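In what follows, chains carry the letters A, B, and so on, assigned in the order in which the sequence lines appear, proteins first and then strands, with residues in each chain numbered from 1. Scope of the values below: all heavy atoms of this structure, side chains included, with no hydrogens, waters or symmetry mates. Just so we're clear, the structure is a prediction, and the values are computed from it rather than from any experiment.
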Amino acid sequence: MSLLDSLNPEQLAAVTLPRESALILAGAGSGKTKVLTARIAWLIQTGQVGPNGVLAVTFTNKASKEMLHRISTMLPINTRSMWVGTFHGLCNRMLRAHWKEAGLPQAFQILDMQDQLSAIKRMYKVLGIDAEKFPPKQLSYFVGSAKDQGLRPKDVEAHDEYHRMMVRLYEAYEAQCQREGVVDFAELLLRSFELLGANPTLREHYQARFKYILVDEFQDTNSLQYNWLKRLAGPQGCIFAVGDDDQSIYAFRGARVANMVQFENDFNVQNRIKLEQNYRSVGNVLKAANVLIAHNKARLGKELWTEAGEGEAIRVYEATSDQDEAAFIIDRIKKLVLEEGYSRSDIAILYRSNAQSRVVEQALFNAGMPYRVYGGLRFFERAEIKHALAYLRLMDNADDDNSFSRVVNFPARGIGARSVEQLQDISTAQATSLYRAIHRMEGRAQAGLKKFADLIERMRFETRGLSLPDLVDKVINESGLIAHFQADKDGEDRVENLKELVNAAASFSIAEGYYRDAAATMVDEEKLITPLADFLSHASLEAGDNAAAAGQDAIQLMTAHSAKGLEFKCVFVTGLEEGLFPHENSIGNSVEGGDGTSVEAVEEERRLMYVAITRAREQLFLSHAQQRMLHGQIRYHLRSRFLDELPEEVLKWLTPKRAHIASQGWDALDSKVWGQNKTLNVGYSNKTSKRPYDIGTGVSHAKFGSGVVVSYEGEGDDQRIQINFGRQGMKWLMLSLAKLERS
DNA sequence: TACGTCCTCCTTTTT
DNA sequence: GGAGGACGTA
C-alpha cells in the first residue's frame, strides 16, 4: 500500500490505529498534517468509513484546503462533500443546513470583529449607555470570552456592579443580533453547540454519521470547541486528536492546553503516541528550539530530534534601528536569492505584531522585491470591500442594520447623521429594521433615504438572473463606489481592489460549482441558499488572500501567529526585543493555566518564539534593533531574553554580542539620536521639568537593576520617568523619589 | 444640516 | 500611523 510507505514506525502506528480515541503528541515538523491526512485516506481506502463519515477539524482554511487536495490526489473520490474545515467553517455549514432548527434566518450574516464593534456601538446609543464607563471593546471581549466557555448571559456570574452591567449589555447585544439575524464568530460555535444539545434527532444523526473525528492543533481548542467535539462524538465517538502543547499560542482567545489531559480522561484514551522525530529543520535550528522551550515550566515534555545534519549556524544581528534591521534583511535576502539559489517564496519574514511589517515592506518595495503580506489588512477587511459587501448584504437582507449604517451615506448622498439618528429612533420605537423604518418616516429627511432604498431595490431587480461575478460588477458600479474612488486621487488601489472582488466572486463560483448550471442556483446537498448568500458567508470566514497574488514568487511576510503550521527554507525572526517579543503586556503577568494553576504569561510568548523558530528548515536569522519607531514614537528596547536563552554554540553573532546594557555604549547612540531629532522627549515641555538622563541612557536602580530611559512625563515634583528594565518590565518612577544611577 | 479638515487618542496575537 | 471625534464652514 503505497500510501503508507513513506511513514516512519510511529507515524504508521498512529495512522493505522483501530477505532479508538487517541492523542497524538506531535512536535513541530514531525509530519502532523501528513499523519492526519494519511489516516483519513487510509480509513476510506480500507473501507472502514465512507468520505462522508469523517469529520476533520483544522486550524485554518488553508490547512483544510491543502488536506482535501492531498486526499483527492491519493484517492479517486469526490472530496467536495467531505466535512473538512475549521471549527467556524463547519459550524457555519451545520447552521446553514439547519437554520430553522437553530432559530436563524435562512441567510444569516456573520459579523467580523469590526462589524461586531460597530453593532455594539449602535446599541450603546439606543440604550443610552456611557461608552466611557463601559468601553465597547471591553464588552466585545467580555462577550467573546463568555461564549468561548459556552456561557449565555444568564449563565455568567456577575460579582459586582461592573459585571452586572456587562451581563446586561451582553443580553441586549444578543437580543439585537437575534433581531438582525446576524451572528458573530463565537456565536457560530455556540449556536451549533446548543443546536446539538437541544435537538436529539439531529445530534444522533451526526453522531451516527461521523464515525471518525479528527482534530488538528488540539492544544488551541477552547472549552466550547472541546465540548462541541464531545457532544458531536457522542458516547460511541472516536476522536483522533493531534496537538503540541509547546505550540499553544492562542490562550488569549480561550485556548486551553488542559483540554489534552481532560480529553484523555473523558475518552479513556489508551493510545498516547509521541512523534518526536523532526523532518523539517536542520540540527542547529532544532537544538535552539529545544533549549528555548525547556525554559518553560508548564509542559508535557517532548524532545525533538532529527537525522538531518547541523546545517548553518543561526545568524543573529543587532541593528541600530528598525530601518537598519530592514536593510540587513534585504541584504541577506539578496544573497539568498542571487548567490544561494533560493526562490523568494522560500523566504519568510516573521514579526510579533502586524504594525512591524510596514518598515520592512517599505524596504522591500524600494529594493524592488516582490513580497506578500499575510494577515494585517486582509482583502475582505479593506474598507472598500466591506462597503461593496454591505451593498450586497443589503440586497440579500435589507434588515441588516450593520450594512445599512455602513453604506447609507457612502458614497456621500446627502444623508447626514441627523437623518440617520431620526431613522434610528423610529426603528427603535417600532421595533423594526432601519431599512423598513424609512417608509414610516416623514419630513424632508425622508427624500434622501427613500432614494437610497430605491437604489437598493433597483439593484436587486436589475441583477436578477445574473451570475455572481456579473452581479458584483453591477453593484460596485451602480452603487457609485467605483465612481467615488475614481474621483479620489488616492483611490486607484481601491478601484483595483473592487475589481478584484469581481474576480474573487468568479473564482468562488467556479470553486463552488455555481457555473455548471447557472439556472439552478439553489443546489448542493445541504446548501439550500443563494450563491450570493453563500459568497457573503465565505467572505466572512475567509481571509480571501488566496485570490490575490497567487503563484507570485514573493517574499512572505506575516506575524508569528499566522506562520503556525507553515514552513519555509529561510526564516527571519525580527524585532526580538523586550517589550515587543516578548510583548510588554505579557511581561510580569501571570495567567490562569486552565487547571487552576498560575503560569507566567511570558511562557506563551516563548511558545510563540518556539513556533517562529521551528518554521525554518535550513536557515534562520534573528534580529533586534536598539531603537524602533513604534506608535509614532521612538522607543528603546533591550535585547529579548529569548536571544539569551538560546544555546550559544548554535549561534553566530554578526554584530558583536554585548554583555549587557551597562556596556552598550549608549553615549554614541545618544549623540546619534539627539543629533537627528531634538524633540524626541515626549511629555517634556515645561521649564520646571528637568531631564537628568537623556532618553536612551542606561541607568540602574537598586531594585529593578539596569534599564534604559524611555520617556518623561509631568513636571516639578510630579515628574515621572519611564524606564525599560527589560526582564522587570517597563516602569514609571517618580523622578524625585527614585534613586537612579547612570550605568 | 452636511461635509471636509484637523487633531487627538490608542496602539498583540485571530477564526 | 490610522481611525474616529470635534470643530468650522458652506
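When the C1' atom of B:dT12 is taken as reference, atom NE2 of A:H637 falls 13 Å away, rounded to whole Å. In this entry the distance linking CE of A:M558 with P of B:dT14 reads 11 Å, nearest Å. Between A:R607 atom CZ and B:dT13 atom C1' there is a gap of 13 Å when expressed in whole angstrom units. Rounded to a whole Å, the CG atom of A:L117 is 11 Å from the P atom of C:dG5. The CG-P distance, from A:D216 to B:dT15, rounds to 14 Å in whole Å. In this structure, the NE2 atom of A:H561 is 9 Å from the P atom of B:dT13, given to the nearest Å. Between A:L608 atom CG and B:dT12 atom P the separation is 15 Å, expressed in whole Å. Distance CG (A:D115) to P (B:dT15): 16 Å, rounded to an integer number of Å.
With both pairing distances under 3.5 Å, B:dC6 is matched to C:dG5 as a Watson-Crick or G-U wobble pair.
Candidate nucleotides B:dT12, C:dG1, B:dC3 were compared by shortest atom distance to the side chain of A:R358, and C:dG1 ranks first. Closest to the A:E605 side chain, of the nucleotides B:dC3, B:dT14, B:dT12, is B:dT12. Each of B:dT12, B:dT14, B:dC3 was ranked by its minimum atom distance to the side chain of A:M113; first place goes to B:dT14. The side chain of A:T559 has B:dT13 as its nearest neighbour among B:dT11, B:dT15, B:dT13.
If you check every strand for non-hydrogen atoms under 4.0 Å, A:M629 touches nothing. Nucleic acid contact for A:D112: none, since no nucleic acid atom lies under 4.0 Å from a heavy atom of the residue. Residue contacts for A:F87: at a heavy-atom cut-off of 4.0 Å it reaches no nucleic acid atom on any strand shown.
Contact between the side-chain N/O atoms of A:S562 and the OP1/OP2 oxygens of B:dT14 is found at a separation under 4.0 Å. In this model, the phosphate group of B:dT12 is not approached by any side-chain N or O of A:N354 to a distance below 4.0 Å at OP1 or OP2. The shortest distance between the side-chain N/O atoms of A:R253 and the OP1/OP2 oxygens of B:dT13 is not below 4.0 Å.
Stacking between A:H583 and B:dT12 is present: the aromatic ring centre lies within less than 5.5 angstrom of the base six-membered ring centre, and the two planes differ by under 30 degrees. With centres under 5.5 Å and a plane angle under 30° as the test, the ring of A:Y250 is not stacked against the base of B:dT13.
Figure legend: cation-pi geometry between A:R372 and A:Y374, with NZ or CZ positioned under 6.0 Å from the six-membered ring centre and within 45° of its axis. Judged by the 6.0 Å and 45° rule, A:R231 forms a cation-pi pair with A:F193. Annotation: cation-pi pair A:R253/A:Y250 present, NZ/CZ under 6.0 Å from the ring centroid and within 45° of its normal.
One side chain, A:R96 or A:N92, offers a donor N or O that lies under 3.5 Å from an acceptor on the other. Judged purely by distance below 3.5 Å, without hydrogens or angles, the side chains of A:Q219 and A:D244 never pair a donor atom with an acceptor atom.
Remark: aromatic rings of A:F365 and A:Y371 are distant, center separation not under 6.0 Å.
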